[in-house]
There are 2 protein chains.
Amino acid sequence: MNIRGGKRKGAGRPKGSNLYGEPTQPVRIPKSQIERVLRFVQEREYALPLYASGVSAGFPSPADDYLEGALDLNAHLVREPTATFFVRARGESMIDAGIHDGDLLVVDRSVEATDGKVVIVSVNGELTVKRLRRDKGKSWLLPENPDYPPIALNEEDETHLWGVVTNVIHPL
Amino acid sequence: MNIRGGKRKGAGRPKGSNLYGEPTQPVRIPKSQIERVLRFVQEREYALPLYASGVSAGFPSPADDYLEGALDLNAHLVREPTATFFVRARGESMIDAGIHDGDLLVVDRSVEATDGKVVIVSVNGELTVKRLRRDKGKSWLLPENPDYPPIALNEEDETHLWGVVTNVIHPL
DNA sequence: TTTTTTGATTATTGTAACAATTATCAAAAA
DNA sequence: TTTTTGATAATTGTTACAATAATCAAAAAA
């Protein structure tokens with residue numbers, strides 16, 4: 001009986017050499033959701049294929065030629081869940097910014113509301129979407145529709161800035 | 001020592017009286033993700049607040065007055081993960097449908113491509129977005145931009161219908 | 001009688017524990 | 001120098017267990 005290896009420092013399977021690089025712990029999951037959860041842990045549950053349009057593909061596998069990768073909407077559109085919320089747009093005042101009545105806006109509180117950003121603001125109790133213009137210490141809320149007038153923000157207005165619109169989701 | 005209850009049918013905690021209404025099973029989860037997974041199992045990980053714009057709010061809690069509920073983008077935009085994919089739009093040919101260069105399109109294979117739907121098609125090796133028009137047995141692909149010409153689909157064209165665009169995601 | 005308390009019973013739950021597996025090292029063999 | 005082998009220790013899927021929770025019906029109280 002030969003002696004190989006031996007009890008020594010550095011022997012054995014290294015710590016963190018598992019799938020996740022960190023210790024795991026058993027957690028009870030409802031049986032029907034186990035597969036879904038395992039995909040989720042590996043961030044694949046909603047990682048769906050993304051293709052590029054406007055490009056030409058050859059053969060034999062055209063689909064692969066268009067493929068750009070995989071994308072998860074939540075991961076892509078929601079940088080920080082605690083700083084993100086949605087607003088349902090109403091009216092046509094921002095039509096030229098591509099915001100239609102009924103569209104869903106993704107809003108990020110953690111983005112700084114600088115000049116030119118499209119923002120969600122409550123003005124005198126009403127929640128609205130407008131483009132923010134800041135110039136020489138004054139602020140305006142600009143609609144993107146010639147039929148609507150710009151709004152100058154005065155000291156006496158009860159305004160509160162909610163966040164910056166990062167994406168517009170438009171149902172067809 | 002009194003006898004209460006007794007061994008009998010119907011005694012004891014009922015099956016399915018747990019949080020999920022079904023049996024659970026321990027699954028190993030990396031420690032740092034346990035909280036995230038538990039939220040996910042209850043479908044709350046990305047359930048973010050949705051507010052309504054264009055409405056007036058009172059006091060003392062204006063935010064609650066705007067609140068419409070909670071929304072998860074994946075659940076809202078992806079009806080069936082296996083039938084859904086994304087396409088990156090290129091060009092301005094669908095500008096009047098609200099599709100800009102660089103927009104992300106959510107595409108559903110399981111939606112029937114009827115007359116009037118915006119579809120993803122590969123025509124002679126190129127992947128494009130157009131509105132489908134079907135009339136009297138003929139099919140056209142219509143751009144939504146007066147600068148672009150309609151495309152008649154002929155028998156000899158190598159066309160393949162990929163799916164129907166359900167949503168346009170436009171970054172600002 | 002009606003309501004509340006109590007004990008019996010069984011499902012659920014979080015975690016410890018186990019055997020099987022896997023990854024690694026270094027000595028031995030080729 | 002390269003390959004094989006045995007020792008070692010982390011990992012993994014699952015089982016097992018004690019503590020907890022939910023329910024029923026008898027007993028006690030009102």
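Order of the sequence lines fixes the chain letters, A, B, ..., with proteins taken first and strands second; residue numbering starts at 1 for each chain. This is a predicted model, so every value here is computed, not measured.
- With distances taken from any side-chain atom of B/S17 to the nucleotides C/dT12, C/dC18, C/dT15, the minimum falls on C/dT12.
- Residues B/R28 and B/Y20 both approach DNA chain C. Their nearest nucleotides, taken by heavy-atom distance, put B/Y20 toward the 5′ side.
- Between the CD atom of A/Q25 and the P atom of D/dT11 there is a distance of 13 Å, given to the nearest Å.
- Cation-pi geometry between A/R36 and B/F40 is satisfied (NZ or CZ under 6.0 Å from the ring centre, within 45° of the ring normal).
- Figure legend. D/dA27 is base-paired to C/dT4; pairs are counted as Watson-Crick or G-U wobble with both atom distances under 3.5 Å.
- To the nearest angstrom, C1' of D/dG13 lies 15 Å from CD of A/E35.
- Here the closest heavy-atom approach between residue A/V164 and residue A/E112 is recorded as CG2-O, 3.8 Å.
- Among A/R90, A/R88, A/H170, the single residue meeting the side-chain hydrogen bond (donor to acceptor under 3.5 Å, both in side chains) criterion with A/D103 is A/H170.
- If you check every strand for non-hydrogen atoms under 4.0 Å, B/P14 touches sugar and phosphate atoms only.
- Across all strands, B/P26 comes closer than 4.0 Å to base atoms (heavy-atom distances).
- When each of C/dT15, C/dA23, C/dT12 is scored by its nearest atom to the side-chain atoms of A/R13, the top-ranked nucleotide is C/dA23.
- Residue A/N18 places at least one side-chain N or O under 4.0 Å from the OP1 or OP2 atom of D/dT12.
- Whole-Å rounding puts the A/L19 CG to C/dA23 P distance at 11 Å.
- At whole-Å resolution of the value, CD in B/E22 and P in C/dA11 are 17 Å apart.
- Contact of the B/L73 side chain with the A/L104 side chain is registered, since non-hydrogen atoms from C-beta on lie closer than 4.5 Å.
- Rounded to whole Å, atom P of C/dT9 lies 19 Å from atom NZ of B/K15.
- Pair assignment for D/dT15 gives C/dA16, based on Watson-Crick or G-U wobble hydrogen-bonding distances that are each under 3.5 Å.
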